[in-house]
**Student:** 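What follows is a structure written as structure tokens; I'll ask about it next.
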Amino acid sequence: MKTNLSVNINKVAVIRNARGENLPNLVQVAIDCEKFGAEGITVHPRPDQRHIRYNDVPALKQVVQTEFNVEGNPIPKFMELVLQNRPHQCTLVPDKPNALTSSAGWDTVQNEAFLTDITKQLQAAGIRVSIFVNADEAMVKGAKKVGADRIEFYTGDFARAFHTEKRTEIMAKHTACSRLAHEIGLEINAGHDLDLKNLRYYKENMPYLHEVSIGHALISDALYFGLQNTIQMYLRELNV
Ligand code: PXP
């Protein structure tokens, strides 16, 4: 199955914000990522706006031709932003306001009522809903129960285990959860700490992987290889 690459451009916004001007130009970077082969653009606005700012979202919405994915914790301000701008997909992430990065998925059982309500609001606006979960069968079933269209597996645990003897065990959990999700009618995304070393192995062991969203490693690799080469290198790992 073909797996799409969505490029998370948060880190580009970090560089831009460092000088307070518009260099690099985030909108142009999004256009260029698509030109270079990206099949989606992801942004993760956080309440402190330390990378993507809320006002980047309407500007990006106007230019993104592939899939526009906005991810974040569905606090009221985030929901207002997403409902106004209607990206193709909204990925719900339970990150704390000051979190450095998201490091775990939702407890879809504990938060069933809340996630059901949020999912309905987004779907009513025509937005596909993906829920960020750990590779845990109960959380996958919970995501189905709240009405999500997709789940995004948190791959940080996999990435940490990749260079250790725990790699096979962790991968097996992701593979089993992927099969379960497919059986119960959920589409599957994945992301976090995926890179040029671990991506092919993950993809080869995930039978129904629709999309990966990759930011930190991809933008870091682009410093060495350039954005065009880097995107092509990631695409090659995904679609062997
Ligand atoms: N998916 C989610 C839900 C995230 O929060 C992030 C980080 O913003 C990513 C994917 C991408 O992770 P990374 O930057 O490590 O590639």
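Just so you know, residue 1 is the first one in the sequence shown, and it goes up from there. Predicted model, so just to flag it, every value in this text is computed and none were measured. Order of appearance sets the numbers: ligands from 1, and atoms from 1 within every ligand.
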**Student:** Going hydrophobic residue to hydrophobic residue with side-chain gaps under 4.5 angstrom, can you get from Leu83 over to Leu81?
**Tutor:** yes
**Student:** Heavy-atom contacts with ligand 1 below 4.0 Å: which residues, ordered by chain and residue number?
**Tutor:** Asn8, His44, Glu71, Val93, Thr101, Ser102, Phe132, Glu152, Gly191, His192, Asp193, Ser213, Ile214, Gly215, His216
**Student:** Is it true that the NZ or CZ of Lys197 lies under 6.0 Å from the centre of Phe162's six-membered ring and within 45 degrees of the ring axis?
**Tutor:** no
**Student:** Can you find a pair of side-chain heavy atoms, one from Val133 and one from Tyr154, that are under 4.5 Å apart?
**Tutor:** no
**Student:** Is it true that the side chains of His174 and Asp157 contain a donor and an acceptor less than 3.5 Å apart?
**Tutor:** yes
**Student:** Answer yes or no on whether Arg167 is positioned over the face of Tyr201, meaning its NZ or CZ is under 6.0 Å from the six-membered ring centre and within 45° of the axis.
**Tutor:** yes
**Student:** Check the angle between the aromatic planes of His51 and His44 and answer parallel, tilted or perpendicular using the 30° and 60° thresholds.
**Tutor:** perpendicular
